[in-house]
Every structure is written in structure tokens, then in C-alpha cells.
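Each remark here refers to the structure printed beneath this line.
Side chains included, hydrogens not; waters and symmetry mates left out as well; all remaining heavy atoms used.
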Amino acid sequence: MAAPSSSMHQHDLPHVLAVDDNLIDRKLVEKLLRNSSCKVTTAENGPRALELLGLTSGGQNSMNGRSKVNLVITDYCMPGMTGYELLKKIKESSVMKEVPVVIMSSENIPTRINKCLEEGAQMFILKPLKQSDVKKLTCQLMN
């Protein structure tokens, strides 16, 4: 893999875990985040995300020294575990509760948005995700 052209080293970049069951959406989020100089790990569902974060019952963080996650961005509607349920699990965890969680959804449902924000989501973004949304996020991360 080619070294990033910026003067920042890979381990200094914000590390984002992107969770979406839709491959195309996941690739888009990954691309936008990489364009904004983020290191990205992707997961196709909530349980996989929890596994990567080390929040499964075994408690093993499968990132194994691959640097901690600075932000989780997740789709709301996913089979098995919604983004809201994932958010709750992260916020219940003593080790991960400080990590900002951003929820994305293609549906603009105010009650759902409020429920997520009340549960501790950093932001609720409507899909399709745009580069400007990601810029806003990474600015918040850096500060």
C-alpha cells in the first residue's frame, strides 16, 4: 500500500469504524472518509462492529493494537441489529462510551432522529452521505 501523501502518519489519522449492511453505501462512506484523511475499518453489521470494538461477550478487541477507534458511523436500518441498538451497546460500555457515534439513515423520521440523539448519538446524517457531511465530522474529531 502506498504511503499517504500527506505529512501525517497513518497512526495519527482519525480511525473511523463504518457500519452498513449495504456494500455500495459502505464503500461510499469509506471513500468519503478516506478523502478526508481518515483511517477506515468497515463492518457489515452491528454484531461484527461490536466484535471489532471488543464489545462481544468474549471481550477481545479484534482490532488488536490496530489503534483505537475515534468515531463510529453506522447506518440506522440494518438486519439483526439496528444502528440504534449498536449505539446503545457502545454507550453502555465503559471503555467505548466516550467514542462519538454518528447515525446515518435514508429516512427522515424526527422521532427516530431524536431517539438516537437522546441516546447519545453525536449526529444524525441523512443519506446519501456527502463529502461536506464528512468534512464536518472530521473537523469535530480533530478539535
Side-chain angles (χ1 to χ4, degrees), residues 1-2 4 6 8-143:
M1 198 169 100
S6 69
M8 257 177 129
H9 296 295
Q10 192 70 21
H11 60 268
D12 295 331
L13 300 178
H15 187 185
V16 182
L17 175 61
V19 192
D20 201 318
D21 59 307
N22 181 308
L23 177 67
I24 294 164
D25 285 350
R26 205 164 58 235
K27 290 282 181 211
L28 172 69
V29 171
E30 185 176 4
K31 182 174 180 284
L32 293 175
L33 287 164
R34 288 189 197 281
N35 287 349
S36 290
S37 305
C38 291
K39 195 169 116 188
V40 189
T41 301
T42 60
E44 65 284 355
N45 55 39
R48 178 72 184 126
L50 291 174
E51 204 178 292
L52 287 166
L53 294 168
L55 299 181
T56 48
S57 47
Q60 276 309 98
N61 178 340
S62 56
M63 292 276 184
N64 286 339
R66 270 202 290 163
S67 90
K68 67 179 190 53
V69 169
N70 306 100
L71 172 76
V72 176
I73 183 163
T74 178
D75 185 25
Y76 183 90
C77 288
M78 296 184 291
M81 180 187 281
T82 65
Y84 176 71
E85 291 164 330
L86 176 60
L87 165 72
K88 283 182 72 163
K89 289 245 188 284
I90 292 171
K91 294 302 171 189
E92 282 163 9
S93 145
S94 54
V95 276
M96 295 303 295
K97 67 170 185 270
E98 299 307 320
V99 175
V101 178
V102 173
I103 310 260
M104 312 174 282
S105 177
S106 49
E107 299 164 305
N108 188 354
I109 303 171
T111 52
R112 177 185 289 175
I113 296 170
N114 291 337
K115 193 170 77 164
C116 290
L117 294 173
E118 279 164 19
E119 200 57 53
Q122 177 89 10
M123 218 181 204
F124 194 103
I125 299 175
L126 285 174
K127 287 178 168 182
L129 199 66
K130 297 179 293 299
Q131 194 69 60
S132 58
D133 295 325
V134 172
K135 281 260 187 301
K136 222 181 294 177
L137 281 181
T138 46
C139 285
Q140 283 185 357
L141 270 184
M142 302 297 192
N143 297 327

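A 4.5 Å side-chain heavy-atom check between Arg112 and Cys77 finds at least one atom pair inside the cut-off. In this structure, the side chains of Lys89 and Met96 stay at 4.5 Å or more apart for every pair of heavy atoms. Looking only at side-chain heavy atoms (C-beta outward), Val101 and Gln122 stay at 4.5 Å or farther from each other. Between Val69 and Val16 the shortest side-chain heavy-atom distance does not fall below 4.5 Å. Counting heavy atoms from C-beta outward, Gln131 and Ser36 have side chains that approach closer than 4.5 Å.
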Determine whether Cys38 and Leu13 satisfy the following criterion, side chain to side chain contact (heavy atoms under 4.5 Å, CB included), listing intermediate values before the conclusion. CA-CA 5 Å; Cys38 291; Leu13 300 178; 5.9 Å; no

Side chain to side chain contact (heavy atoms under 4.5 Å, CB included), that's the test. Do Glu44 and Asp20 meet it? Break it down for me. CA-CA 5 Å; Glu44 65 284 355; Asp20 201 318; over 6 Å; no

Could you walk me through whether Glu51 and Arg48 pass salt bridge (Lys or Arg N to Asp or Glu O under 4.0 Å), step by step? CA-CA 5 Å; Glu51 204 178 292; Arg48 178 72 184 126; 2.6 Å; yes

Verdict with reasoning, Glu92 to Lys97, per side chain to side chain contact (heavy atoms under 4.5 Å, CB included): CA-CA 6 Å; Glu92 282 163 9; Lys97 67 170 185 270; over 6 Å; no

Stepwise side chain to side chain contact (heavy atoms under 4.5 Å, CB included) test for Val102 and Val72: CA-CA 6 Å; Val102 173; Val72 176; over 6 Å; no

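The two residues Leu129 and Val134 come nearest to each other via the heavy atoms CD2-CG2, 3.8 Å. The two residues Ser37 and Pro14 make their nearest non-hydrogen contact at O-CD, 3.6 Å. Nearest heavy atom pair, residue Ala49 against residue Val19, reads CB-CG2, 3.6 Å. Taking all atoms of both residues into account, the shortest heavy-atom contact from Ala43 to Leu52 is CB-CD1, 3.8 Å. Of all the heavy atoms in Val40 and Ala18, the pair that sits closest is CG1-CB, 4.2 Å. Across every non-hydrogen atom of Phe124 and Leu117, the tightest pair is N-CD2, 4.3 Å.
For the atom pair OG1 of Thr138 and CG of Leu32, the computed distance is 10.5 Å after rounding to the nearest 0.5 Å. Distance check: Ile103 CD1 to Ile125 CD1 gives 10.5 Å after rounding to the nearest 0.5 Å. The line from CG of Leu33 to CG of Leu137 is 7.5 Å long, rounded to the nearest 0.5 Å.
A donor-acceptor distance shorter than 3.5 angstrom exists from the side chain of Lys91 to the backbone of Val99, with no hydrogens or angles considered. Proximity of a side-chain donor or acceptor of Asn70 to a complementary backbone N or O of His15 within less than 3.5 Å is detected.
For the pair Glu119 and Lys115, the salt-bridge criterion is not met [side-chain N within less than 4.0 Å of a carboxylate O].
Counting heavy-atom neighbours within 6.0 Å of Ile24 CD1, excluding the residue itself, gives a total of 12 or less.
Across Asn22, Asp75, Asp133, Asn108, a single residue satisfies side-chain hydrogen bond (donor to acceptor under 3.5 Å, both in side chains) together with Lys127, and that is Asp75.
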